[in-house]
Amino acid sequence: MDKMRMESVDLTARNVDRLEELFPNCITERVGDDGRPRKSVRFDILRQMLSEDAVGGHEAYEFNWVGKKAAIAEANRPIRKTLRPCPEESVNWDETENLYIEGDNLDVLKLLQESYLGMVKIIYIDPPYNTGHDFVYPDSFIMDNEEYNEGMGYYDEEGNINYKRENSISAGRFHSDWCSMMYSRLLLARNLLRQDGVIFISIDDNELENLKKICEEIFGASNFIANVVWKHTQQSKNDELFFSRQYNHTLVYAVNKPSVARFYFERTEEDNRNYGNPDKDTKGPWRSGDVRSPNYRRTLCYDITAPNGNVIKPPENGWRWSEESLKEKIATGEIKFKEDNSGIIRKIYLKDQPGRTPENLWEGQRFGTTRQATAVIKELFDGVQVFDTPKPHELIEAMLQLASDEDSIVMDFFAGSGTTAHAVMDFNAHDGGKRKYILVQLAQPCAETSAAYKAGYLTVSEICKERIRRAGKKIKQETKANIDYGFRVLKLDDSNMRDVYYSADDYNQDMLVMLESNIKDDRRDLDLLFGCLLEWGLPLSNPYSSEIIDGYMVHTYNDKDLIACFDNHISQRVVETIARRKPFRAVFRDSSFADSPSKINIGEIFRLFAPDTRVKVL
C-alpha cells in the first residue's frame, strides 16, 4: 500500500517525464544539490533535437552515469578483511585444488588480486539481470552519505542488508546502481585473467547495451570476440506483452585477443558427413569450398583455360586468388577441374580441420535449457526445486571446450547454484583434464516461503555447496573418473588483527590487557596461515603440513613457499630448525618473541642459515 504524498505535485519532475516520452535520448541521471540522484535534461541534446542545423559545442564519445567515478575509486580502495578456512564444510580439504569462497565478490576479488594475478584462463559469470526485481548488491559506494546512513531500502530496521530490496525501474538510478556494481567487479576481474584469458558474461536485454559499453571500456573494443545468443527455452511465454523472449546473450571478451587460440568445437559425425574422397586423393577426404572472391577486385577477374581448351570465365567478383596463386593450387591438387571442364573445384581437406568453428547461435537441444537445468538440480536434491532459473552445465561446458586448457583455472564470482563447478567436474571427467575452479557466492538468504528454505537451506551459498557435493558424487558414480571432486571452503571475514580505535593517550590500564596480543581471540593458526598467503600473493589451493617441533606447532605451505609458527614465546631451536630448511618465506607472530632482544636474535639466525629467506612478523 502506497503512502499519501502530503505535498504538492513536483511539476519539474512531471515535465521531465513528459520530455522523456518525446525525447528519451535527452534524459539522463545526475546528482542534485541535495546529493540525491534524479532524472535530468540534457539541454544540449534537446536543442539539437529541436534544430535543423548542427548546434555548436564540444563533443566527446563517452559513457557515463551517476557513481561511475566512485565505482572506479572503490575498485582501487584497500580493505581490512581476510578469508578464513572452513575445513568442516569442505570436501577433501587436504588434497583438492578447487576453491569455494563465501562472501561479497567485490571484497573477495580484491583479496585475490595478488594470489591469482594473471592466472585465470576463463571467467564465466551470470550476474543479476536488473529486471527491477532481481537482487542488486548494495555496495556502499553507489549511495551517497544520507542514503548509506538512513538505509534507503538497502538495509532493514536492524541494519542488515535488505536482500528483498527491489531496484525499481522508476528509481532515480536504476541503471546507475547496476552499472556501478558491474564496473568495479569487472575492473578487478580483468586483473586475474591471463594474457590469453577470456570472460563470458550472461545477460538479457535490460542491460545488454550498458554491459557492452562497460566491457569495451575495461577490456577494449578490439578485444570483443562475440555476442553468443543462447536459446534458453523451447516454450512460448503467452504472458509476455509483445514478444515471447526465448534467448539470453553471452558477451565474450578477451584480455588480449591476438593471444587467444582459435575457438573450435570437437567435430562430430554429422560435421564430417559432407567429406568424401571420390577421386581417391592421397591427402584424404575433402569437401568443396568457395572459389569466388568475397569482394570485387578487378585484378582477380581473369579467364582460366581448362585441360580440354575450354575457357572458364570468372565469377562476378572474380576468383578468390591471384592468377599465380591459382596456378600453384592447380599444380598441388588443391584446385581441380570439374569432369566436364566447365569450372573449378576447391578442395577443403578434413585433415586440415582441427575442429568446427562455433556459431554464435546456441540452440537449447545441444547446449541445454533452463528447464533441463532445473530438472538436473531437482534430481540432485531428491525432487526439491531449490533454485530458480539455473544455467545448464552443458552451456558452461561448451565454453570450457572453446576457451580452456586441460589445466586451466576457471572462475565464477556470481556462482549461484554452482553450475560452473558442476561443469568443470563433468568436463574433466570426460576429457581427463585437470581444470580447477574458483567459485564466489554471497550468503544471500533464501526466502522463508521458498522450497529451499523449507528443505533446510537458509542461504544460496548453502545450496551451492551442497549442489557441488552431490554433483561430484553423481559424476564419480557414473564415470568412475579419477578427478578432483573436492573443494576448499573459505569465508570472507574481518581482518585477523585487532582494530585500534583509540590513540595512545586514551588507553587505560584495563585496555592494555587487550594489547597483549594484536590478533583477535577467535582466530586459529589456520586463519593466520591463510591470511599470510593472501598478503604474500600465494595460491590458496596448495598442500601444506603441520608438525610439532620442540613443543611448538610449525606449518609448512607448499614445500618451502612458506613456513610459519604462530605460538607464543617460541624457542631458539624452533627458529633454527625453520631457518635451516631455507624457506622462501617465514612468518611469526609478534608474541612469538619474549622481548626485543629475542626478536633481534631471530634476524641474526636467518642471516646465518637462510640469508635469502624473507621474514615477517604478524
Side-chain angles (χ1 to χ4, degrees), residues 121-126 129 198-205 208 225-237 243-254 260-275 287 348 350 353-380 387-406 408 410 412 414 416-433 435 437 467 471 474-475 478-479 481 483:
K121 180 64 172 69
I122 174 174
I123 293 176
Y124 170 73
I125 57 172
D126 183 20
Y129 284 180
V198 178
I199 186 169
F200 294 79
I201 310 174
S202 289
I203 197 68
D204 70 354
D205 289 334
L208 172 65
I225 292 180
N227 176 6
V228 178
V229 175
W230 168 54
K231 188 175 181 182
H232 61 79
T233 181
Q234 304 291 351
Q235 287 73 37
S236 179
K237 302 176 183 178
F243 287 91
S244 175
R245 290 168 291 183
Q246 295 179 285
Y247 67 90
N248 281 334
H249 305 270
T250 299
L251 294 182
V252 188
Y253 279 84
V260 178
R262 185 173 175 181
F263 286 174
Y264 288 112
F265 280 137
E266 290 184 3
R267 301 189 65 82
T268 64
E269 292 184 5
E270 179 67 17
D271 295 329
N272 297 335
R273 68 183 180 89
N274 292 325
Y275 287 81
R287 66 172 176 82
I348 298 179
L350 180 60
Q353 307 303 309
R356 181 174 60 80
T357 301
E359 298 85 9
N360 64 350
L361 175 61
W362 290 8
E363 288 284 352
Q365 289 181 341
R366 175 174 180 181
F367 300 97
T369 65
T370 301
R371 175 172 287 190
Q372 292 170 351
T374 301
V376 168
I377 291 184
K378 287 183 70 174
E379 181 183 355
L380 287 174
F387 199 89
D388 295 327
T389 63
K391 293 292 185 291
H393 63 86
E394 294 90 348
L395 181 71
I396 315 301
E397 288 185 47
M399 300 172 192
L400 296 176
Q401 185 179 148
L402 295 179
S404 74
D405 305 323
E406 65 176 14
S408 295
V410 181
D412 182 349
F414 286 97
S417 68
T419 300
T420 298
H422 188 155
V424 170
M425 290 188 292
D426 192 60
F427 200 56
N428 282 344
H430 285 91
D431 82 340
R435 298 167 189 83
Y437 62 76
R467 190 262 181 92
K474 188 172 190 293
I475 294 169
E478 292 177 348
T479 67
I483 64 168

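For the numbers below, each heavy atom of this structure counts, side chains included, while hydrogens, waters and symmetry mates do not.
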Discussion item. Can you give me the closest heavy-atom contact between Leu402 and Trp362, atom names plus distance?
Written reply: CD1-CZ2, 3.8 Å
Worksheet item: What is the minimum heavy-atom distance between Arg435 and Val424, and which atoms define it?
Response: O-CG1, 3.7 Å
Fill in: Atom pair OG1 (Thr419) and CD1 (Ile377), whose distance is rounded to the nearest 0.5 Å
5.5 Å
Response to the item:
Across all chains, not counting sequence neighbours, the side chain to side chain donor-acceptor pair (under 3.5 Å) partners of Ser236 are none
Discussion item. List the residues meeting side chain to side chain contact (heavy atoms under 4.5 Å, CB included) with Glu379, not counting sequence neighbours, and say none if there are none.
Written reply: Lys474
Fill in: Test log, rule side-chain contact (heavy atoms from CB on, under 4.5 Å), inputs Lys231 and Gln365
CA-CA 9 Å; Lys231 188 175 181 182; Gln365 289 181 341; over 6 Å; no
Worksheet item: Any side-chain heavy atom of Asp412 sitting closer than 4.5 Å to one from Ile123?
Response: no
Fill in: Pairing residues for Thr374 by the side chain to side chain donor-acceptor pair (under 3.5 Å) criterion, not counting sequence neighbours
none
Discussion item. Gln372: which residues meet the side chain to side chain contact (heavy atoms under 4.5 Å, CB included) condition with it, sequence neighbours left out?
Written reply: Thr369
Fill in: Taking every non-hydrogen atom, the tightest pair across Ala403 and Ile122
CB-CD1, 4.1 Å
Worksheet, complete the sentence: Between the CG atom in Asn428 and the OH atom in Tyr437, the distance rounded to the nearest 0.5 Å is 10.5 Å
Worksheet entry | Under the side chain to side chain donor-acceptor pair (under 3.5 Å) test, residues paired with His422 that sit two or more places apart | Arg467
Worksheet, complete the sentence: For Asp388, the side chain to side chain contact (heavy atoms under 4.5 Å, CB included) test, sequence neighbours excluded, returns Gln385
Without placing hydrogens or testing angles, list every side-chain donor-acceptor pair under 3.5 Å for residues 244-253, not counting sequence neighbours.
from, atom 1, to, atom 2, distance (Å)
Ser244, OG, Lys237, N, 2.7
Arg245, NE, Glu240, OE2, 3.4
Arg245, NH2, Glu240, OE1, 3.0
Arg245, NH2, Glu240, OE2, 3.2
Gln246, NE2, Gln235, O, 3.3
Tyr247, OH, Asp205, OD2, 3.2
His249, ND1, Asn227, OD1, 3.4
His249, ND1, Asn227, ND2, 3.3
His249, NE2, Asp205, OD1, 2.8

Worksheet item: Which of parallel (below 30°), tilted (30 to 60°) and perpendicular (above 60°) describes Phe265 and Phe367?
Response: tilted
Fill in: Main-chain N/O of Gly368 paired with Trp230 side-chain donor or acceptor, under 3.5 Å
yes
Response to the item:
Those residues at least two apart in sequence (or on a different chain) that pass salt bridge (charged side-chain N to carboxylate O under 4.0 Å, His left out) with Asp126 are Lys391
Worksheet item: Measuring from Ile475:CD1 to Asp426:CG, what's the distance to the nearest 0.5 Å?
Response: 4.5 Å
Worksheet item: Is there a side-chain contact between Thr233 and Thr370 (heavy atoms, below 4.5 Å)?
Response: no
Worksheet entry | Residue pairs, two or more places apart or on separate chains, that pass salt bridge (charged side-chain N to carboxylate O under 4.0 Å, His left out) and touch residues 361-378 | none
Worksheet item: To the nearest 0.5 Å, what is the distance between CZ (Arg356) and CG (Asp271)?
Response: 4.5 Å
Worksheet item: Between Phe263 and Phe200, what is the ring plane arrangement, given parallel below 30°, perpendicular above 60°, and tilted in between?
Response: parallel
Practice prompt. Search all heavy atoms of Gly433 against all heavy atoms of Ile483 and return the closest pair with its distance.
Written response: O-CG2, 4.5 Å
Worksheet item: Who passes side chain to side chain contact (heavy atoms under 4.5 Å, CB included) against Tyr264, sequence neighbours left out?
Response: Arg262, Pro354, Thr357
Anything under 3.5 Å between a donor and an acceptor, one on a side chain of residues 392-401, the other on a protein residue two or more places apart or in another chain? List them.
from, atom 1, to, atom 2, distance (Å)
His393, ND1, Glu397, OE2, 2.7
Gln401, OE1, Glu266, N, 2.6

Worksheet item: Tell me, do Arg267 and Leu350 make a side-chain contact under 4.5 Å, heavy atoms counted?
Response: yes
Fill in: Residues forming a side chain to side chain donor-acceptor pair (under 3.5 Å) with Arg273, sequence neighbours excluded
Glu270
